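Dumping the structure here so I can ask a few things about it.
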Amino acid sequence: LGHFDRQSMQIAFAVGVYPSNLITYAGQTAYLMKHPMSNCKSFYCFVPNIAFWPMLIVSTLAAIVASQGLISACFSLIKQFMELDFFPRVRVIHTSREHKGQVYCPEVNYFLMGLCTAVVLGFRDEAALSNAFGVAVIMVMCVTTVLMTLVMLICWGTAWPLALTFLAFFLTIEGSYVSNMMIKVPKGGWLPFLVSIFLAAIMFSW
């Protein structure tokens, strides 16, 4: 939110992100239904041969954009942690005169670079990286659902039955994903938990 205004995020999600994800997952699902015994990656296999290289270029560019979003989010989170006195002081550089939330933290940037390099060299396995990513995503979804429920109860004053219905509905869906992803924890899915424990240790001991 510190990098884009509310309207631009609403338009981007409604017009670009959500329809694109829906179409992509629908295409992969259709491919797997037609080729249930296929051993190749559905993301690449469901694309027609003539569109493979353009799709590869677009997906690579999308990965670069996503990584930049992740890095920027880390900068913003560390800044907020320091304001709450939960994190050691690091240098924060404001990169915009108009937007307060656009910041850059050199030390955090170097830490992320080192961590990414160590993970790639340590795993050397696409499947392990995918498992780590999948576990991180689904756990973020669960935590977001719980925190959203607390916001509904504490900040918005939503009635208990409605808030608990919201919690039960989404946790039921997300719980099925969690139960499926837990079997991948020994195969690389342990990495998000290790990073979380490391950061929690810093925050609680600082």
Side-chain angles (χ1 to χ4, degrees), residues 1-4 9 12-13 17-18 20-22 24-25 28-29 32 41-43 59 62-82 84 86-87 101 105 108-109 111-156 158 163-206:
L1 290 177
H3 298 265
F4 301 95
M9 295 180 68
F13 183 82
V17 176
Y18 183 72
S20 298
N21 277 328
L22 195 63
T24 300
Y25 288 131
Q28 293 182 55
T29 302
L32 292 174
K41 301 292 185 180
S42 60
F43 178 78
S59 61
I64 294 173
V65 172
S67 67
Q68 291 301 308
L70 174 71
I71 294 170
S72 299
C74 288
F75 295 158
S76 299
L77 285 173
I78 294 300
K79 177 178 177 292
Q80 294 175 31
F81 289 162
M82 289 192 300
L84 296 171
F86 283 160
F87 204 83
C105 303
V108 177
N109 190 50
F111 174 78
L112 291 174
M113 179 185 68
L115 180 61
C116 289
T117 304
V119 167
V120 172
L121 294 179
F123 278 155
R124 297 185 181 182
D125 184 6
E126 179 188 355
L129 288 171
S130 299
N131 292 338
F133 175 77
V135 170
V137 169
I138 189 58
M139 295 310 296
V140 167
M141 292 172 62
C142 292
V143 171
T144 302
T145 298
V146 174
L147 293 178
M148 186 63 188
T149 304
L150 293 177
V151 169
M152 294 173 66
L153 292 171
I154 299 173
C155 300
W156 298 349
T158 306
L164 292 180
T165 300
F166 169 86
L167 179 66
F169 176 77
F170 283 100
L171 276 188
T172 300
I173 299 174
E174 294 161 0
S176 62
Y177 290 110
V178 170
S179 62
N180 180 59
M181 293 301 298
M182 284 301 101
I183 63 174
K184 299 181 179 180
V185 170
K187 304 175 182 178
W190 50 265
L191 179 63
F193 295 103
L194 180 63
V195 175
S196 299
I197 293 171
F198 173 73
L199 293 176
I202 294 177
M203 294 172 63
F204 282 108
S205 61
W206 178 249

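Worth knowing before you read on, the calculation uses all heavy atoms, side chains too, and leaves out hydrogens, waters and symmetry mates. As the structure is a prediction and not an experimental result, all values here were calculated from the model.
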Would you give the length of the straight line joining atom CG of Asn180 to atom CD1 of Ile138, rounded to the nearest 0.5 angstrom?
9.5 Å
Provide the closest heavy-atom pair for Phe166 versus Thr145 in the form atom of the first, atom of the second, distance.
CE2-O, 3.9 Å
For the side chain of Asn109 and the backbone of Cys105, is there at least one donor-acceptor N/O pair under 3.5 Å apart?
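A pair under 3.5 Å: no.
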After noting the C-alpha distance and the side-chain angles of Glu174 and Leu171, does the key distance pass the side-chain contact (heavy atoms from CB on, under 4.5 Å) rule?
CA-CA 5 Å; Glu174 294 161 0; Leu171 276 188; 3.8 Å; yes
So do Leu191 and Phe123 actually touch side chain to side chain, heavy atoms under 4.5 Å?
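A side-chain contact exists here, since the closest heavy-atom pair is under 4.5 Å.
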Within the structure provided, determine whether Thr144 and Met141 are in side-chain contact (heavy-atom separation under 4.5 Å).
no
Measuring from atom CE of Met148 to atom CZ of Phe170, what distance do you get when rounded to the nearest 0.5 angstrom?
9.0 Å
All side-chain contact (heavy atoms from CB on, under 4.5 Å) counterparts of Glu126, not counting sequence neighbours
Lys41, Ser130
Checking Ser72 side chain against Gly69 main chain: does a donor-acceptor pair fall under 3.5 Å?
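A pair under 3.5 Å: no.
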Roughly how far, to the nearest 0.5 Å, is the CZ atom of Phe86 from the CE atom of Met82?
13.5 Å
Heavy atoms of Ala132 and Gly188 approach each other most closely as CB-O, 3.3 Å
Lys187 and Asn131: which non-hydrogen atoms are nearest, and at how many Å?
O-ND2, 2.9 Å
Are Asn21 and Val17 packed together at the side-chain level, in the sense that at least one heavy-atom pair is separated by less than 4.5 angstrom?
yes
Would you say the side chain of Val135 lies within less than 4.5 Å of the side chain of Trp190, judging by non-hydrogen atoms?
no
From Met152 atom CE to Leu147 atom CG, the distance as rounded to the nearest 0.5 Å
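It is 13.0 Å, given to the nearest 0.5 Å.
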Do Phe193 and Met139 have side chains that approach each other closer than 4.5 Å (heavy atoms only, starting at C-beta)?
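In short, these two side chains touch, coming nearer than 4.5 Å.
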Could you report the tightest heavy-atom contact between Val178 and Cys142, atom names first, then the distance?
CG2-SG, 3.4 Å
Nearest 0.5 angstrom please: Met181 CE to Ser176 OG, how far?
12.0 Å
Taking all non-hydrogen atoms of both residues into account, name the closest pair between Val108 and Cys74 and its distance.
CG1-CB, 4.4 Å
CZ-CE distance between Phe81 and Met203, expressed to the nearest 0.5 angstrom:
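The CZ atom of Phe81 sits 4.0 Å away from the CE atom of Met203.
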List the atom of Phe111, the atom of Phe198, and the distance in Å for their closest heavy-atom pair.
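Smallest interatomic distance, heavy atoms only, reads CZ-CE2, 3.9 Å.
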Sole candidate of Leu150, Leu153, Thr172, Thr149 that passes side chain to side chain contact (heavy atoms under 4.5 Å, CB included) when paired with Leu167
Thr149
